[in-house]
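Basis for what follows: all heavy atoms, side chains included, without hydrogens, waters or symmetry-related copies.
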Amino acid sequence: MKEVIGRSSQKKSRLGELIKAYRSYLFEDYLPFLDRFIFDEQHGGFFWNTTYSGEILGTNKRTWYDARGAWVYSFLYQNFDRNPLYLRKAKQTLDLLLRVKSHAQQFWPWSYDHEGVDLKERPGDIYGNLFVAEAFAAYAEAADDVSYWIFAKQRVLEAFEWYQDSAYRYALEYRPDPLYGEASEVLGHYMIILHVCTGMLRYKADLELNNIVSECIDALLTKHVHPVHGLMVELQAKPGNDLPVSYEQFVYLGHAIEALWMVMDEAMRRHDFDLFQLAAQRFKQHVEVAWDDLHGGFFHCLNHVDDYHFLTDKVLWAQEEVLIGCLILWEEQDDSWAKTWFWKTYNYMEKYFVRHDLPYKPWKLGGGRKMDKLDVGYRIENYHHPRHLMFSLLSLDRILKNTI
């Protein structure tokens, strides 16, 4: 009995130290850095182009960055601390987002100056609209104002309708074939639509959104799973469209891993054990495929499965999606595989991604395969990183409470 009590005490102590580290990274490092260098107190929004030391390289802003930042502050307010400053910053940024888009535009602009004047740098895209929807939905819950949720729902319905159109095309920046620049069916689209809807449905039931979620899950777990190698391919073609045969071998591992924890999250919302188990099994499969046995960390892109052709750089967001998924499995099933891979990933990131040498300990966006170079940085991650910190803290707190 003493041995059991001793092991339990050790587990709680280790979890307590981990929670302490996560809280420090979020509340002592990340958020103060945002407040000091990134958030625009005058106009709202976030300066995206900033070094790891806080040097502002430009005052332009981006829809993705602003919408994601507004989501972060709304989520903080709802789940951690009802600090009115969080809600004010979220609202100020949402007001900016409303100003920057004209009614004639289908998509939110890609970028604009600090006051919100469209720079016409490049066309906007469907992701921008979906991140705006996610931000408005989160603010609706935080401010208890359903009108923001209704606005968000309309943006999701629009985006899903556009995406289902046979004429829809998405300009690809990540692709193994430079000659093939557009796609009609993208795993990443289903992933984001699913996750936005899951969050919205937790706040308010809705049949239309629930039906969209079901379509996304079917696409992710059926349409985008290759029948031979069993991995989730990033691109497919809508009926009547062609796709190069080589794209049957293109697996964007970071998206697959991210999408699979999102399916697990939706399965928990639905209380669907079978769906959770299927997503968990595939999550583990993709994590193990993505791991770099030689240098550690996860590759985020497998350009060709049979040729074993990976992009060998390491990116922050892909590592953090692994951590979120592992914690879901740890919390829900006390999964020993998930615990092993969580600590393996966390220790790797502590060593190679956290800039312990700089004030506010920023986490690097990425680097080469060995992660052995210290660059000055050009951007602070303001979505995947704080989401990982916040989601992990909530999971770890629950795990600690349930540790006997």
Task: Side-chain (D66) to main-chain (F46) donor-acceptor, under 3.5 angstrom - done: yes

TODO: Any chance you could measure L201, atom CG, to E208, atom CD, to the nearest 0.5 Å?
DONE: 11.0 Å

Open item on the list: When you measure from the side chain of E121 to the backbone of W110, do you find a donor-acceptor pair of N or O atoms at a distance under 3.5 Å?
Closed with: no

TODO: Quick one: pull up CZ in F299 and NZ in K314 and give me the separation to the nearest 0.5 Å.
DONE: 5.0 Å

Task: Aromatic contact, Y139 with Y77 (centres under 6.0 Å) - done: no

- [ ] May I ask you to check whether H300 and Y252 place their ring centres under 6.0 Å from each other?
- [x] yes

Open item on the list: Ignoring hydrogens and geometry beyond distance, is a side-chain donor-acceptor pair present between Y65 and R379 at under 3.5 Å?
Closed with: no

Open item on the list: Does the Lys NZ or Arg CZ of K370 fall within the cation-pi geometry relative to Y352 - under 6.0 Å from the ring centre and within 45° of the axis?
Closed with: no

Open item on the list: With no hydrogens and no angle check, just 3.5 Å: does a side-chain donor-acceptor pair link R270 and S214?
Closed with: yes

Open item on the list: Checking the side chain of H114 only, and the main-chain atoms of N60 only, is there a donor and an acceptor separated by less than 3.5 Å?
Closed with: no

- [ ] Would you mind telling me which of I192, N211, L209 makes a side-chain contact (heavy atoms from CB on, under 4.5 Å) with C197?
- [x] L209

- [ ] Check for a donor-acceptor pair, side chain of Q319 on one end and backbone N or O of G297 on the other, with a separation under 3.5 Å.
- [x] no

- [ ] For T63 and W108, indicate whether the former's side chain and the latter's backbone hold a donor-acceptor pair under 3.5 Å.
- [x] no

Open item on the list: I'd like to know if the side chain of Y247 reaches the main chain of A237, judged simply by a donor and an acceptor atom lying under 3.5 Å from each other, with no hydrogens or angles considered.
Closed with: no

Open item on the list: When you measure from the side chain of S24 to the backbone of K20, do you find a donor-acceptor pair of N or O atoms at a distance under 3.5 Å?
Closed with: no

- [ ] Answer with yes or no after comparing the ring centroid distance for Y127 and H189 against a 6.0 Å cut-off, counting only values under it.
- [x] yes

- [ ] Taking all heavy atoms of L221 and all of V225, pick out the closest pair and write down the distance.
- [x] O-CG2, 3.4 Å

TODO: Look at E321 together with R387 and state whether they make a salt bridge at an N to O cut-off of under 4.0 Å.
DONE: yes

Open item on the list: For F107 and W162, I'd like to know if the aromatic rings sit close, meaning centre-to-centre distance below 6.0 Å.
Closed with: yes

Open item on the list: Could you check whether Y383 and W71 have their ring centres less than 6.0 Å apart?
Closed with: yes

TODO: Measure from the ring center of Y22 to the ring center of H388 and say whether it is less than 6.0 Å.
DONE: yes

Task: Cationic N near anionic O, under 4.0 Å, D334 to K339 - done: yes

Task: Validation row: K373, D375 side chains within 4.5 angstrom (heavy atoms) - done: no

Task: H286 (side chain) donor-acceptor with H255 (main chain) under 3.5 angstrom - done: no

Open item on the list: I'd like to know if the side chain of H385 pairs up with that of E320 as donor and acceptor (distance under 3.5 Å, no hydrogens or angles considered).
Closed with: yes

Open item on the list: Is it the case that the side chains of W64 and D125 hold a donor-acceptor pair, with the cut-off being a distance below 3.5 Å and no angle test?
Closed with: yes

Open item on the list: I need the Q78 CD to D144 CG distance, nearest 0.5 Å.
Closed with: 8.5 Å

Open item on the list: Tell me if the aromatic rings of F310 and Y308 count as close, with their centers under 6.0 Å from one another.
Closed with: yes

Open item on the list: Checking the side chain of D113 only, and the main-chain atoms of T59 only, is there a donor and an acceptor separated by less than 3.5 Å?
Closed with: no

TODO: Enter the distance from L85:CG to Q92:CD here, rounded to the nearest 0.5 Å.
DONE: 11.0 Å

Task: Spacing of CD belonging to E248 relative to CG belonging to L235, to within rounding of 0.5 Å - done: 11.5 Å

- [ ] Give a yes/no verdict on a cation-pi contact between K89 and F39, requiring under 6.0 Å between NZ or CZ and the six-membered ring centre and an angle within 45° of the axis.
- [x] yes

Open item on the list: Check whether F151 forms a cation-pi arrangement with R155 (NZ or CZ under 6.0 Å from the six-membered ring centre, at most 45° off the ring normal).
Closed with: yes

TODO: Kindly state whether the ring of W363 and the ring of Y25 have centres lying under 6.0 angstrom apart.
DONE: yes

